Engineer: 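Quick one: structure below, then a few questions.
Counting convention: from 1, in listed order, for ligands and their atoms alike. It should be emphasised that the depicted structure is a prediction, and the values quoted were computed from it without experimental measurement. Side chains included, hydrogens not; waters and symmetry mates left out as well; all remaining heavy atoms used.
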Amino acid sequence: MELLKKYNKRGSWYTDYPPLGLWEQKVSDEEYKTALTEFSVSSGDKPVFLYIHYPFCPKQCYYCMCFSEVSRSHKKSQEFLNHNGREVDMLNKLFEKNSFKPNIRKIHYGGGSPSWLNQEEFDILDEQVSRLADKSNLEEIAIEVDPRTVTPEMMRHYHEKGINRISFGVQDFDPEVQKAINRIQPYEMVERLMSPEMRKLFNRGFNFDIIYGMPKQTVESFRKTIQQCIELSPDRLGVCILGWRPDIFKHQQKINESDLPNFEESTEMQLESMEMLLAAGYERIGIDHYAKPDEDLAVTKRQDKLHRSAMGYNPGDCVDMIGLGPSAMNRMQNYYFQKEYNIRRYNELVDAGKFPVFRGYKLNKDEQIRRDIMEKIICYDRIDFDEIEKRYGINFKEHFEYELNSFGELIQDGIIELSDRELTVTPTGTLFHRHVCTVFDELLRKGKGYKHARDSA
Ligand code: SF4
């Protein structure tokens, strides 16, 4: 607890490096096309992840940290689909010009609330996606589901369309907490969607998102929520802290700050939930993720085939990602891009035949090495100097002399251990991944301070 208090400072989680807040704004559609062209020419048959962001939600959850807009209008869904279809066509045209067909292996429908799309709308989205991805080639199609917006019939329809993983936004089962966050979804509502029939339909599994540090949560109430999660037995769980930024997310101002648990209580929730999930047989994947031992995340972690991005932990070989929809992230080799947040502007750009990019970044070789190192820390708690030297043709100790001399305090506090040829994050240190990554953040050292992704969006 004392160490957590000592290191309790705002900072990047290094799910991407450089962090999103530092990517260049005013990136043009031409730069995005150049990156796509380079990607078409050099990525070959490498597996690609396709992410689609549907930005609307029927109701505002007060804690929300995602990019979403409240709307119950299906006219807006139609508008979204029209623009998504055009973006798919623009991508296909560019790829065809380069005689390239991306080897899309995984699709994720996120948001917002993609489960707000009705059956007819979802079928249009599915058809658009089929124009870009060969559905017979897919390992996984996942969708984020708000349990309040679906019926078992709609779940069956998802299955018919090839969806094989469901991610439920659960957050907390306590009725008082649900009232305080404006999201009423009783335990039974989720339980009904996880019946034996549903389990059979979605054979890649069920994910739960849980948040601690929420209004009206107590250590006891959160313990009960975790116990209820264990009873429902999802295959993966993300247990994250509330990102409290009412200055950025204005709807958070509807939360009474005095209802939030204090640092000690939130920390107890974090540590106790970890103990409970481990005792229930889950494996801790990293910062905030847990999975059953036979689940992809746990298996690929053992096989050294795990990655981490803004989308969370990602098992397997899909590192590059094409993102569609407002605010969607793209990662193509040494390029990052993010699509426009502003939906009106997004639509205008697509109408003008342009890719609606908001910001981007081209990594130099040194930044690529640092990104790789941070991923090793976050996924494997270890940096093997020989492996990095072999991959990038550098002398690790010379290249990172400054960093290796800066670990004094983290060693003293038992967070890492340094030997001649490797850096190891200790079991205690796994709670401090981002502090270890910070040492490798040269941009931060050179004065590019921490900036929240939405500070300027
Ligand atoms: S459903 Fe998700 S994206 Fe929509 S408001 Fe709630 S938390 Fe935000």
Engineer: Quick one: which of Glu144, Gln171, Glu69, Arg183 has a heavy atom closest to atom 1 (S) of ligand 1?
Structural biologist: Arg183
Engineer: Does the structure place the NZ or CZ of Arg308 under 6.0 Å from the centre of the six-membered ring of Tyr313, at an angle of no more than 45° from the ring's axis?
Structural biologist: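 Yes.
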Engineer: Identify which protein N/O/S atoms are less than 2.8 Å from atom 8 (Fe) of ligand 1.
Structural biologist: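 Protein N/O/S atoms under 2.8 Å of atom 8 (Fe) of ligand 1: Cys64 SG.
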Engineer: Tell me which pairs pass salt bridge (charged side-chain N to carboxylate O under 4.0 Å, His left out) where either residue lies in residues 276-285, with sequence neighbours left out.
Structural biologist: Glu283-Arg302
Engineer: Which ligand 1 atoms does Lys59 reach within 4.0 Å, using its non-hydrogen atoms?
Structural biologist: 5 (S)
Engineer: Could you pull out all residues at least two apart from Asp89 that satisfy side chain to side chain contact (heavy atoms under 4.5 Å, CB included)?
Structural biologist: Arg131
Engineer: Counting only pairs under 3.5 Å, give me each side-chain donor-acceptor contact of residues 193-201, with atom names and distances, residues two or more places apart or in other chains.
Structural biologist:
residue: Ser195; atom: OG; partner: Met198; partner atom: N; Å: 3.4
residue: Glu197; atom: OE1; partner: Arg156; partner atom: NH2; Å: 3.1
residue: Glu197; atom: OE2; partner: Arg156; partner atom: NE; Å: 2.7
residue: Arg199; atom: NH1; partner: Ser233; partner atom: O; Å: 3.4
residue: Arg199; atom: NH2; partner: Leu232; partner atom: O; Å: 2.6
residue: Arg199; atom: NH2; partner: Ser233; partner atom: O; Å: 2.7

Engineer: Do Phe122 and Tyr109 have ring centroids that are under 6.0 Å from one another?
Structural biologist: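 Yes: the rings meet the under 6.0 Å criterion.
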Engineer: Can a salt bridge be assigned to the pair Glu176 and Lys179 using a cut-off of 4.0 Å between side-chain N and carboxylate O?
Structural biologist: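 Yes, charged N to carboxylate O under 4.0 Å.
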Engineer: Determine, for Arg204 against Asp296, whether the closest basic-nitrogen to carboxylate-oxygen distance falls under 4.0 angstrom.
Structural biologist: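 Salt bridge: yes.
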